Amino acid sequence: MNLDDLNNAQRKAVTTDNSHSLVLAGAGSGKTKVLSSRIAWLINTGQASFNEVLAVTFTNKAAREMVSRISMMLDRDMKGFWIGTFHGLCHKMLRLNWREANLIQNFQIIDMSDQLSLIKRLMKSANVNESKYSARDLQKIINSYKEKGLRSNEIDVYDSYNKYIAEFYHLYEHQCIRDGLLDFAELLLKSYDLLKNNQTIRNYYQERFKYILVDEFQDTNSLQYGWLRLLIGNSTSVFAVGDDDQSIYAFRGANIDNMSLFDKEYAKGNIVRLEQNYRSMGHILGAANSLIRYNNGRLGKKLWTQEGDGEKVLIVEKHNDLLESQWIVDEIKNIVKNGIKQDDIAVLYRSNAQSRVLEHALFLSGISYKVYGGLRFFERQEIKNVLAYLRLIVNRNDDSAWLRSVNFPIRGIGTRTIESLFEITKNKNISLYDAVAYHSGRSKNNLLMFNNIISTLEESSRKLTLVQLIEHVLEFTGINAFYKNEEETDRLDNLKELVTAATIFSGENNFSEIPASLLIDDLKENLDVSLNNNIYLEQEKITPLLSFLSHASLEAGDNQSESEQSSVQLMTVHAAKGLEFKVVFITGVEEGLFPHENSMSDNSSIEEERRLMYVAITRARKKLYITMANSRMLRGQVRYSVKSRFISEVGEGNVIFVKNKEQILPNNYLKSNSRFTSNSHQQSNKLSSGNTNFVDINGKKFVIGQNVKHKKFGDGTIIKLIGHGEESQAQISFNNCGIKTIMLGIARFE
DNA sequence: AAGCTTTGACTTTTT
DNA sequence: GTCAAAGCTT
């Protein structure tokens, strides 16, 4: 490995001998390079061996990227190297110490949709229909408690609602334990509890991991920080890398304060700033720097480049969303004509709903595009159906899996039957599988047949490899036959893809010849290691099947197969984090959309929106466009809005404004009679003559930008108008009391 | 138990 | 406007 291709700041970070350090790594400043080089350097100089290093990331992709970089720098066996996501590493720790963690050996991981259906099921059985909370609410509440490290018995019960939540949370905990299921947050919490409560294990890991490296530190939540704390012993050195300006995940528990907390508790001023940017041209960086200065309480950082100013950022204002999309499409055509590949172009938006208009315009123009987001491979219905059978093979008491499989394919087992089984499970505190024995009724035979399928499959699994088992399940359960009969070729293809995925997985993990459900005790003979044994022997002592199921939950896969042709990339700003493109369009940059209206009430949310805009801007390498529309269709209503405050924050010197010059177009402009997706889609033609940004109500006119004086709220400016006629509303930014949405028909103005 | 109609939510999301 | 899920009908 070679330290010469690092700049001074990078080299300083890589070779620091401070016990703890915090690296503030700006966008495009070579963060992954520094992390990988640091690990390679520690190994190369003999300061550490791989089994003494723990590296933690947020995504599997980031972990893979780091492994591949390190292997390019060093030709060494990485055995014993713990690298992965927080969840992946916690999972590993729990598999190795399942007894001490009070788990069953076959515990399974459930994803968010499994968790949601479990919660719905429990709500029904607990008769809480008229509760104030929806299943989604409860899911959010439970997860956020877990992310704060709180169990159901640790919640402060100060009123009846909290009491209800604590009770329901307890019910959910109980069911998860009985089914042997761990949700994502629970992986972290269980691992945290294990380290906290078991001194032997805590000491072992503290002594073992001399070097801990953390990526994307600004995205850690309180529990993750707590978990890291428990791993830090007297001789541990922590290297935390992050960028407070790119913290955009507060809504899922990320705590930006963890960075300054880490500085206070550990790094103690050992901060390295990576500010030289290798990605974007000067004006783009200028815009980013200018914008982010409007945030308070930053750790502070200013990006610079050696590459020159480049082109100015183009800011484009259009009358409406259709014209905005059309303009982008025309511009893309020009760019492509000038030799830029479509792969190098990204169109970003704040929320997924915005992709529709863009897709439409792209489709009509024949430009190929790819939309990121949506269902991932292992989240697909047909895949989950197969996984449910596999879960039952591992643990027949997994009620969630049993319910999913029992009537798929159809076996004549309906809701009535299931309800009566639920009664039995409640009374006897047993699983649905076991409850069948006590059931009497017309469906009894069907139920017995189903349970028989499960036990027969379990038998077979002892003799088959993982791939053979999956192929067997597809045939034996009738899943293949069902989809063939329905002529669902896409789903059949995905099932084939599942077999391929299992083949690849088996190969990568070197157990293609081991039967999928070999008794775990037999496997342990060969692979077991106790804490005192030689760590190089350490392997996950789980069967291929269990391992594959964990893999499926922890890594949901891609959402789309690779397309052969070069295509324009469409995604949310969140999804674009960590990526870069030659040309970037940031679209819909309007008050209410970006910043989003739900984030406009308090300053910390606005600051997060601003960081999101900062992330969006710093994705661009050569050319950046920021576009906005005066009106757009949203939730079936025309909404008028003004340009986002962020547009005025990017600094006049870095930008060129292109004002709307066109006349409002006649009705038939963009009129579409072609179909744009397989399910035919009628584009509504809303470009009527009323399409301006004013509203007329009871003879009074209201225009965006107009100053008004409200009887109660005082002076303010209209920033957005929604809807027509009696129903129309205005969003008004009041000088003294923030932004309020007001019904114009009712409001009293002076 | 399948097929139809109505209702309600709707920012961002990885594990 | 769109989608999924719940509710109702056959």
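Since we're looking at a predicted model, the values are computed, not measured. The sequence lines fix the lettering, A, B, ..., with proteins before strands; numbering per chain opens at 1.
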(message) Can you tell me if A:Phe251 is stacked onto the base of B:dT12, using a 5.5 Å centroid cut-off and an angle below 30°?
(response) yes
(request) Between B:dT15, B:dT13, B:dC10, spot the one nearest the side chain of A:Asn352, thanks. (result) B:dT13
(request) Tell me yes or no: between the side chains of A:Ser117 and A:Arg404, is some donor less than 3.5 Å from an acceptor? (result) no
(message) Working note: A:Gln218 + A:Glu216, criterion side-chain hydrogen bond (donor to acceptor under 3.5 Å, both in side chains); need CA distance, chi angles, decisive distance, verdict.
(response) CA-CA 5 Å; A:Gln218 77 283 353; A:Glu216 307 274 19; 2.7 Å; yes
(request) Consider the side chain of A:Glu609, meaning its heavy atoms from C-beta on, and name the nucleotide among B:dT11, B:dT15, B:dA1 that approaches it most closely. (result) B:dT11
(message) Whole angstroms only, please: what is the NZ-P distance between A:Lys146 and B:dT15?
(response) 19 Å
(request) Find the distance A:Ile109:CD1 to B:dT14:P and express it as a whole number of Å. (result) 17 Å
(message) What is the separation between atom CG on A:Asp111 and atom P on B:dT13, rounded to the nearest whole Å?
(response) 16 Å
(message) Whether A:Thr572 contacts B:dT13 is assessed here as follows: a side-chain N or O lying under 4.0 Å from the phosphate OP1 or OP2. Is that the case?
(response) yes
(message) As a test of reading the structure: which of B:dT15, B:dT11, C:dA5 is closest to the side chain of A:Asn598, going by heavy atoms?
(response) B:dT11
(message) Of the options B:dA1, B:dT15, C:dC3, whose atoms approach the side-chain atoms of A:Arg356 most closely?
(response) C:dC3
(request) For A:Asn143 and B:dT14, give me the distance from atom CG to atom P, rounded to whole Å. (result) 15 Å
(message) Quick test of your reading of the model: are A:Glu486 and A:Arg491 salt-bridged, counting only N-O distances below 4.0 Å?
(response) no
(request) Could you tell me whether A:Phe408 and A:Tyr483 have their ring centroids closer than 6.0 angstrom? (result) yes
(request) For the pair A:Arg252 and A:Glu147, find out whether any cationic side-chain nitrogen is under 4.0 Å from an anionic carboxylate oxygen. (result) no
(request) Give one of base, sugar-phosphate or nothing for A:Asn60, where a contact means two heavy atoms less than 4.0 Å apart. (result) sugar-phosphate
(request) Look at the side chain of A:His87 and decide which nucleotide, out of B:dT15, B:dT11, B:dA1, has an atom nearest to it. (result) B:dT15
(request) State whether the aromatic ring of A:His596 stacks on the base of B:dT11, taking stacking to mean ring centres under 5.5 Å apart and ring planes under 30° to each other. (result) yes
(request) Hey, which sits more toward the 5' end of DNA chain B by its nearest nucleotide, A:Ala575 or A:Gly412? (result) A:Gly412
(message) Under 4.0 Å, heavy atoms only, any strand: does A:Thr415 hit a base, just the sugar-phosphate, or nothing?
(response) sugar-phosphate
(request) Could you state the atom-to-atom distance from CD of A:Glu597 to P of B:dC10 in whole Å? (result) 13 Å
(request) Go ahead and name the base partner of B:dT6; Watson-Crick or wobble counts if both distances stay under 3.5 Å, otherwise write none. (result) C:dA5
(request) Name the nucleic acid region contacted by A:Leu116, choosing base, sugar-phosphate or nothing; use a 4.0 angstrom heavy-atom cut-off, strictly under. (result) nothing
(message) Distance check needed: B:dA1 P versus A:Glu419 CD, whole Å only.
(response) 12 Å
(request) Between A:Arg411 and A:Arg376, just flag the one whose closest nucleotide in DNA chain B comes earlier from the 5' side. (result) A:Arg411
(request) Calculate the interatomic distance between A:Met112 atom CE and B:dT14 atom P; express it in whole Å. (result) 9 Å
(message) Taking the basic N atoms (NZ, or NE/NH1/NH2) and the acidic carboxylate oxygens, is any pair closer than 4.0 Å for A:Glu419 and A:Arg416?
(response) no
(request) Tell me which nucleotide among B:dA1, B:dT14, B:dT11 gets nearest to the side chain of A:Arg252. (result) B:dT14
(request) Among B:dT14, C:dA5, B:dC10, find the nucleotide with the atom closest to the side chain of A:Lys120. (result) C:dA5
(request) To the nearest Å, give me how far apart CE (A:Met123) and C1' (C:dA6) are. (result) 13 Å
(message) From the set C:dG1, B:dT12, B:dT15, return the single nucleotide nearest to any side-chain atom of A:Thr59.
(response) B:dT15
(request) Pick base, sugar-phosphate or nothing for A:Leu187, based on heavy-atom distances below 4.0 Å to the nucleic acid. (result) nothing
